[in-house]
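Data block below; observations after.
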Amino acid sequence: MNKDEIADVLENIARLLELKGENPFKVRAYTQAARALEILAEPLETLVSEDRLTSVDGIGKATGEKIAELSSHGRLAYYDDLREEFPPDILTLFAIQGLGAKKIKILWDALKVHSVTKLERACKDGSVATLPGFGEKTAANILKGIEHMRSHAGEFRFGDVAQIAEGLVNDLRGHPDVNLAQIAGSFRRKKEIVRDLDFIVSTKQPEAVMAFFTAHPLVENVLAHGATKSSVILKNGIQCDLRAVTGAEFPFALNYFTGSKEHNVRMRSRALSRGWSLNEYRFSAAEGRELREPLPDVCEEADIYRALDLDPVEPELREDRGEIDVAERHALPHLIECTNLRGTFHNHTTASDGRASLEDMVAAAKELGLEYLGIADHSRASFQANGLDDKRLAAQVARIQDLNDGEAGFRIFTGTECDILKDGSLDFPDEILATLDYVVASVHSSFTLTEAEMTKRLISAMENPYVTMLGHLTGRLLLSREPYQVNIPAVLDAAAATGTIIELNANPRRLDLDWRWWPLAKEKGVKCVINPDAHSTSGLQDLIFGVGIARKGWLTKEDVINTLPLARIEAVLKAKRGGSVRQGH
DNA sequence: GCCGTTTTCGGCCCGACTGTTTTCAGTCG
């Protein structure tokens, strides 16, 4: 069993224990162990074989033993026994909004309801409304929850909700009673997938703002409408929450609702150790604790961090991946910013499957203020994408050279997005690749190889000296296609050894390589290139999504090669071929 | 079940809203 599957088992154990009414802290221990697994930087097999599982934060003796058993045997007697106590599909009920362990337990005990279909029937025939603690409205809400679950998985790609989110926050800012308005939550942390949108406003008239929000034309239905908090579902299916606070409370609310939950827990315990209680409104004297220092003044969000002897932590880093410790040591990185980007390399034109001509793409890149643009149309094996053969590629190269001759201060680089064939060889021979400024090598076929085969395939491609960068490393399509099986640490090792640059594909459907891997890549000395994989002129703007993910991956402008000015980028592209030129800054 | 500059036992973040109650439990974030 791999670590993600094991994490799922631990999550399920937590839910089953909750159903049994176990100690909530025990339940949380399993949830936290699952999370610790998900963010593991080392291969799980290593930790298991070297018996170091308990050295991981959140994994102790009991959870460590269970993880080891699952990892080596693929099953766990404790889990099997636990599952025996409930019908197998009861866990699916947890996906319904408004249903938690207590209610699911009652539904099972009293009505033997254990599946979504049975629950739906029980809501409709009136039996749910008769249960203790339930009523007509509860039954109606459960039906709504079921409908919502079925129509949307409840997850949205960041890029698909970005415009709506920005539009809504601007509408809030335009309201006469709103002083400050901000998007918080996972959206502010630039998570690749968001489940909801959180808005915070400061106002002296919360009721008026709540009424404005719940009546917004984008709202499909209202889940809750209170004096300071409202929840709605928008027409596109995403849930939005709005909190109204005073100006003085705003920094605290913004911080609290930006999260992550785990980051907040750390902040609060840190406050407690100073004798302060931190909530979404203020610092206050913690009950029953000695107030060692006077309560700090807070005008803006960063003051909260300063009060806790921390450097302010950028929202993207607030994932409880060590940022608090590093902030305490005043060693947080200066994260890359959009304005640092000077060019980009993985872009398509009408020559393959792009929708804009070469000239239009160049004009759009200039419009964005870039100094160079690399053209990497598909190679011939990607026939579904109208991939170029060597003749068409040569013609494109000649056209680009003509365009460059008439240019000053802007450079078009010739490239290809060359298919990595099933055996790890490339779709063009080296003689052709040598005629180009650079090569992006990507997998577009045979996704179902074993992990060992796929890893070997990528590594042999990177061993080719003409392969400048590796495109969308895992091939995932967010919310639609799983990444293919590949040993990412091994690929990163090979990238470091061969001097191959790893792409951070900025297309909001990909965002590949995932942000969770970039700290490890950086540690190994691997360089990043942020590429939009643009298939149109507007696709170039996806670069901003890539920058968000790079920031989540703790990357600075020094880690990303396309922050280099035109005068210095060429040497980086040639470095691997020549062997002698040093890569990077 | 996990954890430790309040340390090996006794804590573990905390508040809003809803719907059911008649003072609060459940859920969510």
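Each chain gets a letter, A, B and so on, in the order its sequence line appears, and its residues count up from 1. Everything quoted here is computed from the prediction, not taken from an experiment. Atoms considered below: every heavy atom in the structure, side chains included; atoms not considered: hydrogens, waters and symmetry mates.
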Task: Under-3.5 Å donor-acceptor pair between A:Y256 side chain and B:dG15 base - done: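 Result: no qualifying N/O pair found.
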
Open item on the list: I'd like to know if A:R268 pairs up with A:E262 as an ion pair, taking the criterion as any Lys NZ or Arg NE/NH1/NH2 lying under 4.0 Å from an Asp or Glu carboxylate oxygen.
Closed with: no

Task: Within residues 49-61 of chain A: residues closer than 4.0 Å to DNA chain B (heavy atoms) - done: A:V56, A:D57, A:G58, A:I59, A:G60, A:K61

TODO: Could you list the residues that satisfy side chain to side chain contact (heavy atoms under 4.5 Å, CB included) with A:D57, not counting sequence neighbours?
DONE: A:R266

Open item on the list: Taking side chain to side chain contact (heavy atoms under 4.5 Å, CB included) as the definition, give me every residue that meets it alongside A:T556, ordered by chain and number, with sequence neighbours left out.
Closed with: A:P333, A:K522, A:E558, A:D559

Please set out all donor-acceptor pairs under 3.5 angstrom arising from side-chain atoms of residues 102-116 of chain A, sequence neighbours excluded.
| from | atom 1 | to | atom 2 | distance (Å) |
| --- | --- | --- | --- | --- |
| A:K105 | NZ | A:D109 | OD2 | 2.9 |
| A:H114 | ND1 | A:D89 | OD1 | 2.8 |
| A:H114 | ND1 | A:D89 | OD2 | 3.3 |
| A:S115 | OG | A:T117 | OG1 | 3.3 |
| A:S115 | OG | A:K118 | N | 3.2 |

Task: Pairing nucleotide - B:dC3, Watson-Crick or G-U, each distance under 3.5 Å - done: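 For B:dC3, the partner nucleotide comes out as B:dG10, under the 3.5 Å rule.
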
Categorize [X] for me: base, sugar-phosphate, or nothing, with a 4.0 angstrom heavy-atom threshold over every strand shown.
X      : result
A:I96  : sugar-phosphate
A:A101 : sugar-phosphate
A:N23  : base
A:S231 : nothing
A:Q32  : nothing
A:N279 : sugar-phosphate
A:S277 : sugar-phosphate
A:A227 : sugar-phosphate

Task: ring-ring contact (aromatic ring centres under 6.0 Å, His included) pairs, two or more places apart, involving residues 15-58 of chain A - done: none

[X] has a side chain; which of [options] sits nearest to it?
X      : options                : answer
A:T63  : B:dC2, B:dC12, B:dA16  : B:dC2
A:D198 : B:dA16, B:dT20, B:dG29 : B:dG29
A:A224 : B:dC17, B:dG15, B:dC13 : B:dC17

Open item on the list: Both conditions, 6.0 Å and 45 degrees, for the charged tip of A:K66 above the ring of A:Y78: are they met here?
Closed with: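 The answer is yes; both the distance and angle limits are met.
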
Open item on the list: List the residues meeting salt bridge (Lys or Arg N to Asp or Glu O under 4.0 Å) with A:R15, not counting sequence neighbours, and say none if there are none.
Closed with: none

